[in-house]
Peer 1: 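Take this structure first; my questions come after.
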Amino acid sequence: MSSSPWSTSWSTPPLAGGPGGADALRPLVGTVLAALRDGATARGGPLPPGGPEDVAARLRAALRDGTTEAGDPGHEVRHDPRHDVLPDTGTGAEEALRTLVTALARGAADPAHPLCAAHLHTPPLALAAAADLAASALNPSMDSWDQAPAASALEQLVTRALAAETHPAGHRPDALVTTGGTESNQLALLLAREHHGPTLQTVCGANAHHSVHRAAWLLGLPEPVTVPAPDGTIDLTALAAVLTDLRGPLLVTATAGTTDTGSIDPLPEIADLCDDHGATLHVDAAYGGPLLFSETRRHLLAGLDRARTVTLDLHKLGWQPVAAGLLAVPDTALLDALRHTAPYLNADDDTRAGLPDLLGRSPRTSRRPDILKIAVTLRALGRTGLGHLVDRVCATAGRLADLVEKDPRLDLHQRPALSTVLFRPTGATDETVAATRRDLLTHGHAVLGRAHADGRLWLKATLLNPHTTPDDLEELLAHTALVEGSTTR
Ligand SMILES: *Cc1c(COP(=O)(O)O)cnc(C)c1O
C-alpha cells in the first residue's frame, strides 16, 4: 500500500532557495566537494585510462555498487542497469551525490589538468563555478521579469557593457546571451535573413566553424559559398571574386580565432570588401573575442567593430563553465526581429505598465541566468585580470611552439596566432598521427586534438589553462614522442 503524499513517513527533500536553502545546501556541497576531490585523485591524470569500454564499465559498476571499482563481469551480465538508474527506493541525497559525482570526476577529461588540451574546452575558474551554484539555487528564468527581476536587470547591464567592448562606437550596443558560438552564429544568420529575406546568400571561409553551414541549413537559407583559406585565413582575392560574381543580398562571415588553428581572418580588409559589395559582415569571434581584454593583443581584432553581429563565447577564452555565449550588435534595434509575445509571459498591458519584455532576447523560453557567472568574473578580475589570463595562455602556446621547433623529432605547423599549436612527429603518416592521438587517449596520458592543415593531419594543442607550466609542456611533448616510438604499426 503506498503512503499518502501527505504522510509523515515520507520526507520531502529540502529546497535550494529561500532563507533555509543555504543551510540545506551546505552539507550537500560538502559532499560534492569531497567527491570531486576523491574522483580527481583516483583518476590521477588528464582523463581516465582504458578507453570507452572501461570507462562505461566503471560507471555501471559505480551505479550498481556505489563504488568506482569495476565489479565482477558475470554479475554485470545478469544485472539490469535500469534498476540502478531508477531504483524503486532511492538511495538518498548523500549517497547519490557521492556516488555519481565521484564516478563522473574519476571518469572526466579534466581541462584543469595541463595535459588535457585538445579542444576549446576551458578549465572553468572556481569563482565562476561558485557563481553557477547560486544561479542553480535561485533558478531565475530569463523569459519574463516576474521570474528574474534582478537577474534581468543584471543581464541588461552586462550585455550592454560587453557589447560596448565589441562595438565601442555603436549607437546603442547590446548583446544576446546564448548557449555558445553555435547558437550565436545561428542567431546572426537569422537576424540577417529577417533583414534581407530568404534569398540571403552566406559567404564564409573554408576555415569557418561548421555551425555556420548548419545554421544556413536550419534556417532554410542557400548553402553557404565557401571561399578558400589556404593559409588558415580567408583568401582575400578569392573573396573579392566571389562577392563580385554573386547577386542578391550577401552575408559574409569571417572568423576571429579559428577552431583548428586559432587564425584570425584579416578583418579590416574583409570589412572593406563588404562595404564595396554591399554585403553584411558577421564575425565569429567565439575563440578570439576575449583578446579585447588584452592591452597588448586587442589590436589583433581591429575591424571587429565593423561587423553587424559578433559571436562571443566566454566558455572558451573566458574560463566560464558552459554555457556562456553572446551575440553582440552595435545597436539594440538590430535585435527587433526576435520580438515575440506570449500572453502569459509578456502581455501587452503588462509591457505598457512597465514590466520589462524579455522574451525577445532569445529564441529559447526558459533560460538560465548565465550572466551571473560572467558578471562575477568580470567584476572579480577586471579588464586587467582577464587580459593577463589571455596573455598568459597565448604565451604558453608560444612556449610550446618554441619547444616543438627545437625538437628534431617534431614539426611545427606555424607560430600560434592565439593559443593553438599544431605539430606532428617528423615524417609520420596521417595514420600514425591519428593513432598517436588515440593511444594517448586510451592510456589516459594526454588529451590532444587533431586538425587538417596544408593537406596533412596534425596533433592540436589548444592551450586554455593559465596554470600550465613549461614542465607540463615538456611532459606533453615527451608523451607524444614516447607513444610514437613505442607503438608498432
Ligand atoms: C567553438 C566555436 C563555435 C561553437 O561554439 P559552441 O559554444 O561550441 O556552440 C563557433 N565558432 C568558433 C570559431 C568556435 O571555435
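Counting starts at 1 for both ligands and their atoms, following the listed order.
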Peer 1: Check whether any heavy atom of Gly257 sits under 4.0 Å from an atom of ligand 1.
Peer 2: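 Flag set, Gly257 near ligand 1.
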
Peer 1: I want to know if ligand 1 touches Thr182 in the polar sense, i.e. an N/O pair below 3.5 angstrom.
Peer 2: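 Yes.
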
Peer 1: Between Thr179 and Ala323, what is the shortest heavy-atom contact and its length?
Peer 2: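 Answer, listing the atom of Thr179 first, then Ala323: O-CB, 3.5 Å.
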
Peer 1: Within the side chain of His445, is there an N or O that forms a donor-acceptor pair under 3.5 Å with the backbone of Leu440?
Peer 2: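 Such a contact is absent between His445 side chain and Leu440 backbone.
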
Peer 1: Indicate yes or no for a side-chain donor-acceptor contact from Asp245 to the backbone of Val242 under 3.5 Å, with no hydrogens or angles considered.
Peer 2: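 No; zero donor-acceptor contacts below 3.5 Å.
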
Peer 1: In a check of side-chain hydrogen bond (donor to acceptor under 3.5 Å, both in side chains) between Ser211 and each of Asn185, Thr259, Asp284, which one passes?
Peer 2: Asn185

Peer 1: Could you pull out the closest heavy-atom pair between Val329 and Ala163, with the gap in Å?
Peer 2: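 Where Val329 meets Ala163 most closely, the heavy atoms are O-CB, 4.2 Å.
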
Peer 1: Please work out whether any backbone atom (N, CA, C, O) or any side-chain heavy atom from C-beta onward of His315 is under 4.0 Å from ligand 1, and answer side chain, backbone, both or neither.
Peer 2: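 Side chain only.
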
Peer 1: Let me confirm one number: the CZ-CG distance from Arg106 to Leu36, rounded to the nearest 0.5 Å.
Peer 2: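 One finds 15.0 Å between CZ of Arg106 and CG of Leu36.
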
Peer 1: Below 4.0 angstrom from a heavy atom of Leu120, which ligand 1 atoms are there? Numbered from 1 as shown, please.
Peer 2: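 Atoms satisfying the 4.0 Å criterion: 15 (O).
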
Peer 1: Considering non-hydrogen atoms of the protein only, which is the closest contact for atom 4 (C) of ligand 1, and what is the distance?
Peer 2: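 Heavy-atom neighbour on the protein nearest atom 4 (C) of ligand 1: His209 CE1, 3.3 Å.
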
Peer 1: Would you mind checking which non-hydrogen protein atom is closest to atom 15 (O) of ligand 1, with the distance to 0.1 Å?
Peer 2: Thr259 OG1, 2.9 Å

Peer 1: Is Lys316 in polar range of ligand 1, meaning some N or O pair under 3.5 Å apart?
Peer 2: yes

Peer 1: Taking only heavy atoms of Ala286, which atoms of ligand 1 are found under 4.0 Å from at least one of them?
Peer 2: 2 (C), 10 (C), 11 (N), 12 (C), 14 (C)

Peer 1: Mark up the atoms of ligand 1 that fall under 4.0 Å of a heavy atom belonging to Asp313, in ascending order.
Peer 2: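 Listed by number with element: 5 (O), 6 (P), 7 (O).
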
Peer 1: Less than 3.5 Å between some nitrogen or oxygen of Gly181 and one of ligand 1, yes or no?
Peer 2: yes

Peer 1: Show your reasoning for whether side chain to side chain contact (heavy atoms under 4.5 Å, CB included) applies to Leu422 and Gln414.
Peer 2: CA-CA 7 Å; Leu422 302 193; Gln414 60 183 21; over 6 Å; no

Peer 1: Are any side-chain N or O atoms of Arg361 and backbone N or O atoms of Ala175, one a donor and one an acceptor, separated by less than 3.5 Å?
Peer 2: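 Present.
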
Peer 1: Checking the N or O distance criterion of under 3.5 Å, is ligand 1 in contact with Asp284?
Peer 2: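 Yes: some nitrogen or oxygen of Asp284 is under 3.5 Å from one in ligand 1.
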
